[in-house]
Amino acid sequence: MIVKEAAMKRREKYELFLSKVDILSTIDAYELTQISDALKTATFHQGDYVITQGEMGDVFYIIEEGEAEATKTLEPGKPPQTVKYYRAGDYFGELALIKGEPRAANIIAKTDLKVVTLDRASFKRLLGPIEEILK
């Protein structure tokens with residue numbers, strides 16, 4: 001009973017959170033429940049690299065708390081430049097999963113960062129219907 005109650009609270013928490021993520025706003029309640037059950041939580045400290053440009057990726061991230069920035073090496077031999085900022089509700093990592101290519105940018109935690117993640121198999125199975133939108 002305790003395990004069941006904890007799982008229900010976790011699911012409700014993630015369903016509420018996911019319903020506020022723009023890209024998932026068109027997904028019905030049943031699909032949100034399925035995604036909620038597949039999510040895993042990860043934390044990063046300020047300055048940690050969540051993603052490194054050039055590595056192969058198999059995880060999709062949604063920021064639950066904190067902020068991050070994307071940096072990219074635009075010219076060989078030059079330092080990476082900031083190309084985007086992320087905050088709670090924003091997502092990243094989908095391009096490597098959709099295209100099967102290496103990560104296009106670095107994602108660095110600007111503050112302590114809490115994210116929820118989906119692995120490649122869960123992403124394809126659960127977010128297949130919105131893959132075209134993500135592209």
Does the [X] side chain pair with the main chain of [Y], one donor and one acceptor, at a distance under 3.5 Å?
X	Y	value
Thr111	Glu67	yes
Gln53	Thr73	yes
Arg103	Leu95	no

Checklist entry - Aromatic rings Phe92 and Tyr61: how do their planes relate, parallel, tilted or perpendicular, breaks at 30° and 60°? => result parallel

Please output the side-chain donor-acceptor pairs of residues 39-49 that fall under 3.5 Å, not counting sequence neighbours, one pair per line with the distance.
from	atom 1	to	atom 2	distance (Å)
Thr41	OG1	Tyr14	OH	2.5
Gln46	NE2	Lys110	O	3.4
Asp48	OD2	His45	N	2.8

Next on the checklist: If hydrophobic clusters are built from ILVMFWY residues whose side chains come within less than 4.5 Å, do Ile63 and Val116 share one?
Outcome noted: no

Checklist entry - Linking I/L/V/M/F/W/Y whenever any side-chain heavy atoms sit under 4.5 Å apart, do Leu32 and Ile62 land together? => result yes

Which atom names give the shortest non-hydrogen contact between [X] and [Y], and what distance separates them?
X	Y	result
Leu113	Ala68	CD2-CB, 4.1 Å
Ala104	Lys72	O-CE, 3.1 Å
Tyr86	Ala70	CE1-CB, 3.8 Å
Gly93	Phe60	C-CD1, 4.3 Å

Checklist entry - Does a donor on one side chain sit under 3.5 Å from an acceptor on the other, for Asn106 and Thr71? => result yes

Checklist entry - Are a donor atom and an acceptor atom from the side chains of Glu69 and Thr82 found within less than 3.5 Å of each other? => result yes

Item to check | Contacts of Asp37 that satisfy side-chain hydrogen bond (donor to acceptor under 3.5 Å, both in side chains) - sequence neighbours left out | outcome: Arg11

Checklist entry - Is it true that Lys13 and Glu64 have a side-chain N and a carboxylate O under 4.0 angstrom from each other? => result yes

